[in-house]
Amino acid sequence: MARHLITSAIPYINGIKHLGNLVGSQLPADLFARYLRGRGHEVLFLCATDEHGTPAELAAAKAGKPVADYCAEMHDVQAKIADGFGLSFDHFGRSSSAQNRKLTQAFAGRLHDQGLIREVTEEQVYSVTDGRFLPDRYIEGTCPNCGFEDARGDQCDNCTKQLDPTDLINPRSTISGATDLEVRTTKHLYLEQSKLKGQLADWIDSKGDWPILTTSIAKKWLTDGDGLQDRGITRDLDWGIPVKDGDKDWPGMEGKVFYVWFDAPIEYIACAQEWVDAGKGSDWESWWRTDKGAADVRYTQFMGKDNVPFHTLSFPATIMGADDNWKLVDYIKSFNYLNYDGGQFSTSRGRGVFMDQALEILPADYWRWWLLSHAPESSDAEFTWDTFTQDVNKDLSDVLGNFVSRITKFCRSKFGDAVPTGGTEGPAEAALIEELTRRLKAYEGHMDAIEVRKAAAELRAIWVAGNEYLQATAPWTTFKTDPEQAACQVRMGLNLIRLYAILSAPFIPDAAKTMLAAVRSDDADWPTDIAAALHALPAGHAFDVPENLFRKITEAERDDWAERFAGVRT
RNA sequence: GGCGCGGUAGCUCAGUUGGUUAGAGCGAUCGACUCAUAAUCGAUAGGUCGGGAGUUCAAGUCUCCCCCACGCCA
């Protein structure tokens with residue numbers, strides 16, 4: 001038994017995520033966690049909401065609520081939806097937790113002690129009306145380059161020229177529209193990542209088994225331009241973790257908070273503390289401190305490609321810089337984007353399917369199966385209603401669901417609601433066992449390597465093998481001349497249901513539960529021997545004929561949904 | 001403009017360190033079966049492996065140039 005720490009990139013608090021976000025981190029992380037638990041390993045699977053920063057403040061203001069209340073509410077909303085998708089977090093924490101506040105401040109203090117923090121005085125745009133400094137993207141004005149009137153402070157959307165907020169003509173605040181902007185001097189802390197560049201580069205170079213997407217992005221940031229840049233880790237905001245030097249005040253930093261990207265990854269650690277404080281566990285340090293038991297933990301992170309730089313460089317720089325026995329990540333699984341019907345999912349324009357909507361129209365397993373079997377691993381992938389409907393109907397309803405249906409119903413009609421007795425196994429059964437043994441090994445190999453699509457394809461082939469067996473042995477024909485032999489074939493088929501329940505659980509946990517319940521089994525141990533697993537249900541063991549596992553999606557539904565999710569969200 | 005990931009059968013994708021007739025699933029066509037959610041199983045599918053040049057006895061698989069899509073950065 002090994003110990004596995006798994007984290008999914010933590011979703012930002014303002015709003016409900018779409019399916020592209022889901023398949024890029026939380027869902028494959030859950031797949032991996034469920035698989036490892038199924039195989040008997042010790043797993044700590046953590047996720048949280050990322051709650052600090054300007055967007056949360058603005059979203060709260062828009063909702064007319066104090067930001068802390070807004071975050072608390074949205075955390076519950078996201079937790080409920082995550083639960084709806086069967087995301088099996090051991091704890092779903094909050095980056096605004098007391099644990100994270102203390103830990104983030106402690107990290108800053110430690111990094112300061114290690115000589116990796118410097119103070120930088122810089123000029124930023126301040127909005128008198130809003131009473132706050134404005135991040136670049138919250139300033140708009142006329143582009144000095146092309147005359148476009150709604151150019152943002154960081155870039156002109158019309159001519160794509162990169163801008164500095166002070167370049168804009170007639171700048172205004174996008175928060176209030178205020179034009180009484182002025183440039184003020186402010187002081188911030190910078191994490192001197194550049195000092196760790198060599199150490200980070202050596203570390204990345206040692207990870208030859210990481211996805212090329214992960215390492216290529218990391219190396220690019222390490223070497224691009226002047227190389228890895230020092231990074232500001234504080235902001236002039238109200239909503240965030242107050243800047244402190246450990247538990248001491250930080251002179252000159254009064255009223256400032258840590259930048260959200262500094263405290264968010266630290267929440268991975270703090271979340272383990274929250275897990276303990278919530279009474280779910282007893283020793284978070286054995287997962288995170290290499291001097292306290294975490295040396296033998298394998299830590300795997302899941303994230304979309306946009307998060308890779310922070311997880312390959314920024315957060316490791318924090319860990320390495322602290323030089324205090326914190327656990328570094330062992331494997332980073334990153335994903336490309338899932339596109340929606342020829343374009344991108346768009347949160348702002350409500351284009352595509354969002355997590356809450358998805359659960360409103362279909363059970364979680366449908367989404368889990370399709371998204372995972374089409375995970376954007378090697379390149380961007382595409383969601384279309386046509387392929388979604390086709391694939392789900394074929395794989396889940398026809399291949400798996402119908403298999404369960406045909407064998408249980410046939411057995412009931414000929415033998416009754418219990419596993420039948422009699423008959424002897426022959427070449428067909430031996431061939432089935434040989435094939436499943438081979439495929440199980442391949443399935444495990446792909447799951448161990450977190451090759452999500454390949455694992456899904458192998459699982460599907462395992463389902464197909466059951467239909468092939470039934471087709472080849474044809475118990476409905478055998479029954480006419482040799483009922484005993486037909487009983488043996490049916491017995492095999494019923495045992496396959498239990499096997500499929502166990503192997504499929506990481507992908508489609510709800511259906512797996514239904515299948516296991518149908519054969520009235522509570523033995524969900526991962527099979528080590530297929531032959532033995534196919535004899536787990538003895539003759540005489542009662543079972544139930546379940547409702548159809550997966551109803552089919554109709555063409556009318558497909559067309560209706562395609563139209564409903566094409567445009568502006570209501 | 002620089003960089004990154006891709007561009008393989010109608011669709012979605014596999015293709016180890018270059019080496020026999022380039023693979024799978026879906027769709028399509030034909031056939032088998034009738035237990036089952038008009039489900040299943042089998043067979044067939046002849047794609048200049050984005051384009052061009054090169055290295056090699058041999059390239060989808062290496063080198064160079066170009067084109068296209070997406071993304072990151074300037």
Side-chain angles (χ1 to χ4, degrees), chain A residues 20 24 154-155 160-164 208 211-229 304-310 334-339 342-344 370-371 373-415 428 442 445-446 449 451-461 463-480 486 489-490 493-494 497 545-554:
Chain A
D154 53 347
Q155 181 179 36
T160 75
K161 186 176 173 59
Q162 295 284 312
L163 300 172
D164 194 81
I212 189 165
L213 180 66
T214 303
T215 51
S216 65
I217 291 173
K219 285 178 181 172
K220 177 182 171 302
W221 280 63
L222 270 171
T223 58
D224 226 36
D226 299 326
L228 189 61
Q229 299 299 298
K305 60 183 170 186
D306 51 329
N307 277 336
V308 169
F310 299 102
S334 55
F335 290 85
N336 286 283
Y337 295 141
L338 179 69
N339 291 317
Q344 294 187 345
W370 193 89
L371 291 170
S373 62
H374 293 76
E377 290 177 301
S378 57
S379 62
D380 289 355
E382 172 130 335
F383 175 94
T384 67
W385 284 102
D386 208 38
T387 55
F388 172 74
T389 302
Q390 205 171 74
D391 294 339
V392 159
N393 283 348
K394 184 73 181 174
D395 298 346
L396 297 181
S397 299
D398 296 347
V399 175
L400 178 63
N402 182 238
F403 174 80
V404 173
S405 185
R406 68 193 296 203
I407 190 66
T408 52
K409 287 179 179 170
F410 178 74
C411 183
R412 178 163 69 180
S413 73
K414 303 298 184 192
F415 301 100
H446 290 138
E451 291 273 9
V452 178
R453 300 175 83 125
K454 289 179 181 174
E458 198 59 45
L459 178 59
R460 187 187 188 283
W463 297 339
V464 168
N467 283 311
E468 287 173 349
Y469 170 76
L470 287 188
Q471 212 62 34
T473 55
W476 47 90
T477 302
T478 314
F479 185 79
K480 295 172 185 168
Q489 293 158 354
V490 168
L494 291 169
I497 295 176
V545 176
E547 294 295 309
N548 286 343
L549 252 42
F550 300 96
R551 72 167 185 82
K552 291 208 189 193
I553 299 168
T554 65

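The sequence lines fix the lettering, A, B, ..., with proteins before strands; numbering per chain opens at 1. Heavy atoms only: backbone and side chains are in, while hydrogens, waters and symmetry mates are out.
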Per A:Arg460 side chain, nearest of listed nucleotides B:G25, B:C13, B:A36: B:G25
What closest approach, in Å, do [X] and [Y] show between heavy atoms, and which atom pair accounts for it?
{"X": "A:Glu382", "Y": "A:Trp370", "value": "O-CH2, 3.4 Å"}
{"X": "A:Pro475", "Y": "A:Leu470", "value": "CD-O, 3.6 Å"}
{"X": "A:Glu377", "Y": "A:Asn336", "value": "O-ND2, 3.3 Å"}
{"X": "A:Ala486", "Y": "A:Thr478", "value": "N-CG2, 3.7 Å"}
{"X": "A:Ala375", "Y": "A:Arg453", "value": "O-NH1, 2.9 Å"}
{"X": "A:Pro546", "Y": "A:Val404", "value": "CG-CG1, 3.8 Å"}

When the [atom1] atoms of [N] and [M] are considered, how many whole Å apart are they?
{"N": "B:C35", "M": "B:C41", "atom1": "C1'", "value": "13 Å"}
{"N": "B:G7", "M": "B:G15", "atom1": "P", "value": "10 Å"}
{"N": "B:G6", "M": "B:C62", "atom1": "P", "value": "11 Å"}
{"N": "B:G18", "M": "B:A58", "atom1": "P", "value": "15 Å"}
{"N": "B:C70", "M": "B:A9", "atom1": "C1'", "value": "23 Å"}
{"N": "B:C68", "M": "B:A43", "atom1": "P", "value": "42 Å"}
{"N": "B:C13", "M": "B:G51", "atom1": "C1'", "value": "23 Å"}
{"N": "B:G42", "M": "B:C5", "atom1": "C1'", "value": "39 Å"}

With a 3.5 Å limit on both atom pairs, tell me what [N] is paired to, counting Watson-Crick and G-U wobble, or say none.
{"N": "B:C70", "value": "B:G4"}
{"N": "B:U17", "value": "none"}
{"N": "B:C30", "value": "B:G42"}
{"N": "B:U12", "value": "B:A24"}

Could you state the [atom1]-[atom2] distance from [X] to [N], rounded to the nearest angstrom?
{"X": "A:Asp395", "N": "B:C13", "atom1": "CG", "atom2": "C1'", "result": "13 Å"}
{"X": "A:Leu396", "N": "B:U40", "atom1": "CG", "atom2": "P", "result": "12 Å"}
{"X": "A:Glu468", "N": "B:A43", "atom1": "CD", "atom2": "P", "result": "9 Å"}
{"X": "A:Glu451", "N": "B:A24", "atom1": "CD", "atom2": "C1'", "result": "15 Å"}
{"X": "A:Gln229", "N": "B:A74", "atom1": "CD", "atom2": "C1'", "result": "12 Å"}
{"X": "A:Gln390", "N": "B:A39", "atom1": "CD", "atom2": "C1'", "result": "16 Å"}
{"X": "A:Phe479", "N": "B:U34", "atom1": "CZ", "atom2": "P", "result": "15 Å"}
{"X": "A:Leu338", "N": "B:A69", "atom1": "CG", "atom2": "P", "result": "21 Å"}

Derivation and outcome, side chain to side chain contact (heavy atoms under 4.5 Å, CB included), residues A:Phe388 and A:Ile553: CA-CA 10 Å; A:Phe388 172 74; A:Ile553 299 168; 3.7 Å; yes
A:Lys552-A:Asn393 side chain donor-acceptor pair, cut-off 3.5 Å: no
Centroid-centroid under 6.0 Å between A:Phe479 and A:Trp476 rings: no
Pair A:Phe403 and A:Tyr469, ring centroids less than 6.0 Å apart: no
Look at the side-chain N and O atoms of [X] and state whether any lies under 4.0 Å from the OP1 or OP2 oxygen of [N].
{"X": "A:Lys394", "N": "B:U40", "value": "yes"}
{"X": "A:Lys305", "N": "B:G4", "value": "no"}
{"X": "A:Lys454", "N": "B:A24", "value": "no"}
{"X": "A:Arg412", "N": "B:C35", "value": "no"}
{"X": "A:Lys552", "N": "B:A39", "value": "yes"}

RNA chain B contacts made by residues 398-408 of chain A, counting heavy atoms under 4.0 Å: A:Asp398, A:Gly401, A:Asn402, A:Ser405, A:Arg406
A:Ser397 side-chain N/O to A:Lys394 backbone N/O, donor-acceptor pair under 3.5 Å: no
A:Arg406 vs A:Asn467, side chain to side chain contact (heavy atoms under 4.5 Å, CB included): CA-CA, chis, key distance, verdict: CA-CA 10 Å; A:Arg406 68 193 296 203; A:Asn467 283 311; 2.8 Å; yes
Measure all distances between protein nitrogen or oxygen atoms and nitrogen or oxygen atoms of nucleotides 28-33 of chain B, and list the pairs falling under 3.5 Å.
| residue | atom | partner | partner atom | Å |
| --- | --- | --- | --- | --- |
| B:C33 | O2' | A:Trp476 | NE1 | 3.3 |

Touch class at under 4.0 angstrom, heavy-atom based, for A:Val490 against every strand present: nothing
Residue whose nearest RNA chain B nucleotide is more 5′ - A:Cys411 or A:Glu377: A:Glu377
